[in-house]
Structures are given as structure tokens and as C-alpha cells.
Amino acid sequence: MATGFATKRLSKELSKIHGNLPPGITLVSAEGFQEWLLDIQVLDSNPLYMNQTYRLKFKFSPSYPIEPPEVTFVSSPDRPIPMHPHIYSNGIICLDLLGQQGWSPVQNVESVCMSLQSMLTGNTKNERPEGDANFVANNRRRPRDIDFYYHDNTV
Amino acid sequence: MAGPEVNIDRGKSLLLKDQGNKCFQAGDYAGAEALYTKAINHDPTNPLLYTNRAMSLLSLSKKGSSEPQDPSAIPVLTPIQIENYEKVIADSLSSIRLHAENMKAYYFLAQAQIALHRPSEALASAKEAHRLCVEEIHKGGKGASSIGPITELVLRCKKEAWEAKEKERLDAQGGLVRELQVLLEKERDRRVEELHSQAATEMTDGEGVNVPVEEQKITEEYARKIEEVRNMGVAAGTVGEEGKRRNVPDWCIDDITFSVMVDPVVTKTGQSYDRSSLMEHLKRTPTDPLTREPLRMEDLRPNLALKEACDEFLEQNGWAVDW
């Protein structure tokens, strides 16, 4: 496939997105077509996430959207990593939608953000995944190469 | 693909062809072209030699222009490039004469024709290449890798065809504005003249009109009218080009590339995708993008009515190729 595949699709996503995102999702930066930053907020009164803003980093390969983007939370002083049994403290997200198997090319940046929003909204557990400290200390793999065990897709 | 049975010195010709292929792979397109020419001299009946030479000439011409990757820029062709593209056309046609169902030849033909700004011819060739490509895929051939670039080429031809038509329309409109302007100027002069002759006859009466003041009024009135006609022309031009530019209906958009569909195919969910992008997805994961149920290429059906609608939409809105 021609190299322009991802670029074309992303430039169209960008022109659709501009000033037209659902509530609680903000585009922070989209310089070039390799890496975008977006902020998301949980808008209901879930006490775990109230009044917080979280930052997402999307990394796109040249064959996006055939290949999934790499999506992680990134932390900064005012942007923590949300507490969730499927989100490691280094920002790596365990969500089947973002894996090689669960991804579909009809997904897009906006729909991924919305899925993550609802993943947070529905959560009541104030905890990290099992073995978080060990994973964060030892993992050197890219998120997309990790074979997560999707033990509970309803969370 | 098999070569023809009859030939003059087939062995020698094939040897030269192999040498040509090596040159081509090494990026020596001029060397490749010369070798294919020699190969043709030894066997003018092998259609592959013509497509190979066409491919060398295409690469040679593209290498010559500074920004071959940028489709939005209109490159100025050098005389050598023009000559090369004409040769590509001749070679492609020779190849098609020898072997009618020739996807490559139509693909090269379309590229040369679009480079020479002959969009309607190019579109016809690109469509034929697309048809043959889909046929080849159904037969299990290796057309799958070409469907993406061919689909893109069809879109580019559609855009240029629309641009040519749009330019004609705007030129015609510009002509109309100029014509109206001339008519208004004539009317202005006639009224000024009338004013002068009226003043001349009324000379004898004491209370004649103030000619310079009246003339000034008429001149101003017509200057305003001419300006208005011009503005209307500009506004109408804007409606044609910019005003409509914003709205691409969702029904014609492929959900994988977000481009207007060229060859929509429908899955059993009822959702349509462009054949080229869905195939790209199926190569990686043979599942329906929406339901993730198993989906094979053979399960796809062309969506003819939607194809018609997309064609018609692009005919009127060629800009949507790059929305």
C-alpha cells in the first residue's frame, strides 16, 4: 500500500475532529501524523476521576488504520495516570480494542477516546492491575506487542 | 504470465529483457529502456516487453520532475518528459494490441495520460485497469497488491476530469461577466450621448439641465452596476468552488480510508467499504470490521447502486477527492 495511507486518513480525521469533539475530549496537539495528544475527562460523578484531566498519547504507524494506533496515558504534574484495574501505572492500557486482535479499521481516534472514557466511567475499583510494580519495572516491550489476557472485557 | 509462441529470436530477446530488468531494479531506467528496445527488435510480439519499456519511461519521467509525490502541484513538463509520456502511451497500446486483458498496460497508459493532462482518457484507462485488477483478484492472481494504487489513480483522474470541467464553466462565466460589462458600457455611452443631444436641443430654453453634473451621475451609476455584475460573478464562482467544498455526505465515504468510494463492496452487515481498503484489512485480519465475524473476499458483493451514486457525486464534486 502506498505510504500515504495513514497520512490521508489522519488528515481527514483531523479535519472532522476540529472543533467538533464530544464533551470531555480535547485535542491537545496533532503536529504531523505520527503522534497526537488528547485530553480526556470523565464527565459523570465517579469519585475516582472527578475534576481530573488525563492525557492520552496516540502513536500511528504508516499502515494505520489497518494497524491499531499505540495508545497510552502520559503523566505530567497536572495529568496523572488514572487508577484502573486495566491501566498500569506507567500509562500502558490493557484494552482489547487496542490490541492486534480487537482492533478494527473502522475505529478512529475519537471512538478510541470515547471507549476509554466509558472504560473509566464504569469502573469502581480504586486499584492497579495485578503485578503492576513488577510489570512496570520489567516490561521493555511495546504495548501492542504485549499479549494481554483480556480476562474481563466488561470492565 | 506466458509469452507468445511465435517469435523471431525469442531466446536473445528474453536475455535482453532480463538484463533490462536488472538495470530497472538498480534504478538505471535509461539503460533498461535501451535494453527493452533491443529486446523488442528481436521479438516484437511479446507484450511484456512493451509494458516493461513503458514502466522504465514512466520512472524516467517521474524522476525528472522535482516533486513526483505531490499530486496537488501542477508540474510543468519538459519536452523530453512529454515525449516520454507519449512513448508510454504508444507502448501501452502496443502491449494491449498483443494482449487485450492487460491490467499493467492500462495502468501505465492512465498514468501517462493523466501526466499529459488528458483526464477523460486517463479515467477510462484507469477504470479499465481497475476492472482487470478485480478480475485478476477473483481468479486468485496477484492483482491484490495493485488495487490500492489503481484505486488512488482512478480518484485522481476523477478529480482532474472535474477540474477541467469546472475551469470551463468558470471561463464561460467569466466570459458572460465580460459580455455584460461591455453591454453596460454601451448603454452608459448611449445615455451620455442622449444627454448631450437633449441638451443641444434644449439650448434655446432658459432652464436646460446641468450637463456635466448629469453626465457624472450616469457615469457613476454605470460604474456601480458594472462593479455589481463583477461581484456577482465572483460570488457565483465562489459558490461553485468554495461554498460546496465543505460537505461530503457520509454515504459515499469509506469508513477505513475516509475517502470517497470508487468500488463499494457490501458485507452481510449491510455496510459498504471500498474494495481496495477492505482488502487491505482482510489481508491482515479476515474478519468483518464491524462484527469481527469471519469474512472472506469471496463473501463480498459489489454495491452497484452506491457505486453509481458515488460516481455521480464525484462528477459534480471532484474536489471531494481531497476533502
Side-chain angles (χ1 to χ4, degrees), chain A residues 1-22 27 30 32-34 36 38 58 60-70 95-115 142 144-145 147-148 150 153-154, chain B residues 68-72 107 111 144-156 159 245-250 252-261 267 269-295 319-323:
Chain A
M1 180 54 70
T3 44
F5 204 72
T7 309
K8 274 186 196 152
R9 151 86 182 238
L10 283 168
S11 66
K12 292 187 165 119
E13 275 196 52
L14 196 59
S15 60
K16 270 194 159 181
I17 279 178
H18 262 308
N20 205 13
L21 279 167
L27 183 67
F33 297 112
Q34 270 148 36
W36 290 7
L38 287 101
F58 282 73
F60 306 100
S61 82
S63 45
Y64 173 82
I66 300 299
E67 295 287 332
E70 190 178 299
L95 177 66
D96 70 333
L97 175 70
L98 297 172
Q100 296 284 345
Q101 290 313 308
W103 173 254
S104 158
V106 296
Q107 297 289 349
N108 54 61
V109 172
E110 183 182 320
S111 70
V112 169
C113 288
M114 287 169 73
S115 296
R142 306 274 302 268
R144 63 188 175 102
D145 299 326
D147 215 2
F148 288 117
Y150 301 109
N153 287 329
T154 57
Chain B
Q69 292 301 321
D70 183 5
S72 62
Y107 181 45
Q111 287 180 67
S145 58
S146 309
I147 186 90
I150 290 178
T151 302
E152 253 176 65
L153 184 62
V154 171
L155 276 176
R156 196 149 63 86
K159 185 182 165 222
R245 221 160 250 247
R246 295 288 158 244
N247 206 356
V248 190
D250 280 343
C252 69
I253 291 294
D254 166 57
D255 279 340
I256 297 175
T257 53
F258 284 16
S259 295
V260 179
M261 289 182 274
T267 72
T269 63
Q271 180 67 42
S272 292
Y273 305 87
D274 193 82
R275 187 188 299 273
S276 63
S277 55
L278 188 56
M279 276 188 46
E280 197 64 29
H281 162 68
L282 293 179
K283 263 199 277 178
R284 182 184 166 275
T285 334
T287 57
D288 188 293
L290 283 180
T291 61
R292 288 180 201 156
E293 281 171 28
L295 179 70
W319 52 267
V321 169
D322 296 325
W323 67 269

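Chain letters run A, B, ... following the sequence lines, proteins first and then strands; every chain starts at 1.
- Identified by a heavy-atom distance below 4.5 Å to chain B, the contributing residues of residues 105-113 of chain A are A:P105, A:V106, A:N108, in residue-number order.
- Using a 3.5 Å distance cut-off with no hydrogens or angles, the side chains of B:T257 and A:K12 do not pair a donor with an acceptor.
- Between A:E13 and B:F258, the closest heavy-atom pair is CG-CE2, 3.4 Å.
- The OG atom of A:S104 sits 7.0 Å away from atom CD1 of B:I256, with the distance rounded to the nearest 0.5 Å.
- For residues 284-292 of chain B, heavy-atom neighbours of chain A at less than 4.5 Å comprise B:R284, B:P289, B:L290, B:R292, sorted by residue number.
- Contact record, A:I66 with B:E280: CG1-CG, 3.8 Å, taken as the closest heavy-atom pair.
- Around atom CD of B:Q271, more than 12 heavy atoms belonging to other residues, nucleotides or ligands sit under 6.0 Å away.
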